[in-house]
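Here's the structure we're looking at; comments come further down.
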Number of protein chains: 2
Amino acid sequence: MPRPARVSPDRILAAAAAEFSARGYAGARVDRIARRARVNKAMLYYHFGSKQALYRALLLDTFTAAAARLREVASAPLPPEQKLEQLVTTVSAIVAERAHFPAIMLREVAEGGTHLDKDTLAAMAALPAIVGQVVMEGAQKGALRRVHPVLAYFTIFAPIVLYLGGAPIRRALATHGLVDLTELTPELFEREMRASIRRAFAAPAVTERRS
Amino acid sequence: MPRPARVSPDRILAAAAAEFSARGYAGARVDRIARRARVNKAMLYYHFGSKQALYRALLLDTFTAAAARLREVASAPLPPEQKLEQLVTTVSAIVAERAHFPAIMLREVAEGGTHLDKDTLAAMAALPAIVGQVVMEGAQKGALRRVHPVLAYFTIFAPIVLYLGGAPIRRALATHGLVDLTELTPELFEREMRASIRRAFAAPAVTERRS
DNA sequence: GTCTATACTTCGATAGAC
DNA sequence: GTCTATCGAAGTATAGAC
């Protein structure tokens, strides 16, 4: 047997990621997901049960994977300042690997978690917890300024997710000749973000640098 | 004539703001908007023509008003560092007055501008332009660090919009007993944001403070 | 596990009287 | 300008054969 063809659920999840991220829960069409995954609708319902269950499975998978990546950074043997910058890099990397991540996250925030169950909500809630842990550790060691951990989470996550998730609308703006920008690249954006985050959260210089 | 009753269009726009922000374009129901505005559907179509036209009217109104507020700050007789902090305050104030602003913005970014026409897209594009103007002025005067204007836009806007727009999902998390937080208040958030922005974009200290 | 055909529902939009 | 009634298009989900 050259091809086991045991790939339906994975293909469906991938198709669901594309569809839900591009159109949102209400805008997504089960027919389209099935077609994109090259299975028929009945097959999709056979594996996932309902549109909502598929959506939850997708989000649980997405946020669980992201949290795992961030946990690696949080528990790495690095000084807190470097962990913080590494978080920026890792969030960017997560988006680079899963292009649908930003749209899904932005939509779910806007949606208020309406379609989610407790497990999926818990997976989302893990992200701020991990960032908060890094910041609090840094403050304790005197390496970082004391800031509210939730503020740190938003200061780091929000710009990256909105900027990278904004690629499609920037294309739309460009189409209409409305974009001014000497296109900022994701690479440059990440570099500048790291610098901004470093400065925003650096501990006030108590011991002065020698003159 | 005690009450002109000439309020249908405004009431419809207000109802549309609530519905579209809570459910998105595809999830919004024209019936619900009409009911909330206490007009019937035919009346709504009489005034706005279609669901899409109503959506565009709402977004054009929303972003035009926000841009006007920000332009005031940009052209105020203030040093750039203060303008920057004032932008933080103003974005927070805009959200305080129009609670649906964050959700609408997050959704439209995720949506990629699909439902928008050129005018509405232009109104959205005005926001980064205004922030960029402040940052470039500051860099020219040596008051601010040289950063890409688009980066500055996202660094300021994104955390505020995502944090304030995230209130509903934080409530959902709290309902399930998943929130750790010693609830960060919007006021404290704004104060800390101003501090972070100030540090992130301050010009490197060339002239040392006297010892 | 896989597919076709279809039941059932909801929603955007309009016709047409007042 | 305002309203009631309704059409027609989609959309989720399932029945039932293979």
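A, B, ... follow the sequence lines: proteins, then strands. Residue 1 opens every chain. Predicted, not measured: the structure shown is a model, and the values here were computed from it.
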(request) Go through the steps to decide whether Arg198(A) and Leu84(A) satisfy the test side-chain contact (heavy atoms from CB on, under 4.5 Å), and finish with yes or no. (result) CA-CA 8 Å; Arg198(A) 192 190 319 132; Leu84(A) 214 57; over 6 Å; no
Contacts under 3.5 Å, N or O only, protein and nucleotides 3-6 of chain C:
residue, atom, partner, partner atom, Å
dC3(C), OP2, Asn40(A), ND2, 2.8
dC3(C), O5', Asn40(A), ND2, 2.9

(request) Take the protein atom OH of Tyr45(B) and the nucleotide atom C1' of dT14(C), then report the distance between them rounded to whole Å. (result) 10 Å
Please write out the pairs of protein N or O atoms and N or O atoms of nucleotides 7-11 of chain D separated by less than 3.5 Å, giving the distance to one decimal.
residue, atom, partner, partner atom, Å
dG11(D), OP1, Arg29(A), NE, 2.7
dG11(D), O5', Arg29(A), NE, 3.3

(request) Whole angstrom is fine here: how far is it from CZ in Phe20(B) over to C1' in dG12(C)? (result) 11 Å
(message) What I'd like to find out is whether the side chain of Leu70(B) reaches to under 4.5 Å of the side chain of Val91(B), using heavy atoms alone.
(response) yes
(message) Holding to side chain to side chain donor-acceptor pair (under 3.5 Å), I want the full list of residues that pass it with Arg38(A), two or more places apart in sequence or in another chain.
(response) none
(request) Please name all residues satisfying side chain to side chain donor-acceptor pair (under 3.5 Å) with Glu97(A), sequence neighbours left out, ordered by chain then number. (result) Arg69(A)
(request) Could you tell me the separation between the CG atom of Asp119(A) and the CG atom of Leu59(A), rounded to the nearest 0.5 Å? (result) 12.5 Å
(request) Round to the nearest Å and state the distance from Leu44(B) atom CG to dC11(C) atom P. (result) 15 Å
(request) Only one of Arg199(A), Arg194(A), Arg191(A) passes salt bridge (charged side-chain N to carboxylate O under 4.0 Å, His left out) with Glu85(A); say which it is. (result) Arg194(A)
(request) Calculate the interatomic distance between Phe48(B) atom CZ and dG12(C) atom P; express it in whole Å. (result) 16 Å
(request) Kindly indicate whether the side chain of Phe20(B), heavy atoms from C-beta on, has any atom under 4.5 Å from the side chain of Lys51(B). (result) yes
(request) Check the distance between dG16(D)'s P and Tyr46(A)'s OH and give it to me in whole angstrom. (result) 18 Å
(message) side-chain hydrogen bond (donor to acceptor under 3.5 Å, both in side chains) for Arg23(B) and Thr114(A)? Distances and angles first, verdict last.
(response) CA-CA 9 Å; Arg23(B) 314 205 182 227; Thr114(A) 328; over 6 Å; no
(request) Have a look at the helix from dG1(C)-dC18(D) to dC18(C)-dG1(D) and give the angle its two end axes make, five pairs each, rounded to 10 degrees. (result) 10°
(message) Does Met43(A) have more than 12 heavy atoms from other residues, nucleotides or ligands lying within 6.0 Å of its CE?
(response) yes
Taking distance alone, no hydrogens or angles, what donor-acceptor pairs closer than 3.5 Å link side-chain atoms of residues 150-167 of chain A to residues at least two apart or in another chain?
residue, atom, partner, partner atom, Å
Thr155(A), OG1, Leu151(A), O, 2.7
Tyr163(A), OH, Leu184(A), O, 2.7

(message) To the closest 0.5 Å, what do you measure between CG (Leu58(B)) and CG (Leu13(B))?
(response) 6.0 Å
(message) Could you tell me how far apart Tyr55(A) (OH) and dT12(D) (P) are, to the nearest whole angstrom?
(response) 14 Å
